[in-house]
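First comes the structure, then the notes that go with it.
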Amino acid sequence: MNTKLLSLRKGAGLTQSELAQKIGVTVQTISRWENGISIPNPKRIKQMADFFNVDGSDIFLSSYTTKVDKSVNKS
């Protein structure tokens, strides 16, 4: 589900294991985040944002953005 984290990790040339080691979590945790099973706490989001040099909301919050249906009648 979280293709952004997966993309950032792969773009950095890291395995799940390498990223997990760098930020101090388990491989299973990275896998859960990438698969949308869980999301990290704010401290971890900040840590990853700093690591990848991106805004934290770009990593996880964008995964939950919904599309507005413009065909809805406003009457």
Side-chain angles (χ1 to χ4, degrees):
M1 182 169 187
N2 194 333
T3 57
K4 182 68 174 183
L5 177 59
L6 176 65
S7 176
L8 287 168
R9 177 179 61 76
K10 287 189 172 189
L14 298 171
T15 65
Q16 286 183 338
S17 179
E18 290 167 333
L19 179 57
Q21 184 177 18
K22 288 184 182 298
I23 64 170
V25 298
T26 66
V27 174
Q28 292 81 6
T29 298
I30 299 294
S31 178
R32 286 185 197 113
W33 292 343
E34 288 184 352
N35 289 301
I37 296 168
S38 65
I39 59 170
N41 65 40
K43 176 185 166 191
R44 293 291 183 200
I45 292 174
K46 168 110 173 72
Q47 187 180 18
M48 282 188 286
D50 291 345
F51 180 81
F52 289 116
N53 196 30
V54 297
D55 187 87
S57 64
D58 289 341
I59 301 174
F60 289 94
L61 297 180
S62 61
S63 297
Y64 301 101
T65 303
T66 58
K67 183 178 177 182
V68 175
D69 183 0
K70 294 181 181 181
S71 67
V72 175
N73 187 353
K74 294 185 180 182
S75 50

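The structure presented is a predicted model; accordingly, all values stated were derived computationally and were not measured.
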#### Entry: All side-chain hydrogen bond (donor to acceptor under 3.5 Å, both in side chains) counterparts of Lys10, not counting sequence neighbours
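Partners of Lys10 by the side-chain hydrogen bond (donor to acceptor under 3.5 Å, both in side chains) criterion come out as none, since no residue qualifies.
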### Query
Is Leu6 reachable from Ile45 through a run of hydrophobic residues whose side-chain heavy atoms are each under 4.5 Å from the next?
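No, it is not one cluster - the side chains of Ile45 and Leu6 are not joined through contacts under 4.5 Å.
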### Query
Quick one: salt bridge (charged side-chain N to carboxylate O under 4.0 Å, His left out) pairs with a partner in residues 39-51, sequence neighbours left out?
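Found Lys46-Asp50.
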### Query
Within a strict 4.5 Å, meaning less than it, do heavy atoms of the Leu8 and Phe51 side chains meet?
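Sidechains of Phe51 and Leu8: no contact.
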### Query
Side chains of Leu19 and Thr15: closer than 4.5 Å at any heavy-atom pair?
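No; the side chains remain at least 4.5 Å from each other.
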Rounded to the nearest 0.5 Å, what separates atom [atom1] in [X] from atom [atom2] in [Y]?
X     : Y     : atom1 : atom2 : value
Leu5  : Met48 : CG    : CE    : 5.5 Å
Ile59 : Phe52 : CD1   : CZ    : 6.5 Å
Ser57 : Lys4  : OG    : NZ    : 10.0 Å
Ile23 : Leu14 : CD1   : CG    : 10.0 Å

#### Entry: Option from Val27, Ile37, Val25 for which side-chain contact (heavy atoms from CB on, under 4.5 Å) with Arg32 holds
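It is Ile37; the other options fail the test.
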### Task
For the pair Gln21 (side chain) and Glu18 (backbone), establish whether a donor and an acceptor sit closer than 3.5 Å, ignoring hydrogens and angles.
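A pair under 3.5 Å: no.
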### Task
For the pair Asp58 (side chain) and Val54 (backbone), establish whether a donor and an acceptor sit closer than 3.5 Å, ignoring hydrogens and angles.
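Judged by distance alone, no pair lies under 3.5 Å.
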### Task
Count the heavy atoms belonging to other residues, nucleotides or ligands that lie under 6.0 Å from CG of Asn53, then report whether that count exceeds 12.
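Counting neighbours around CG of Asn53, 12 or fewer heavy atoms of other residues, nucleotides or ligands fall under 6.0 Å, so no.
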### Query
So, are Arg9 and Glu34 salt-bridged, with charged N and O less than 4.0 Å apart?
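Answer for the salt bridge query: yes.
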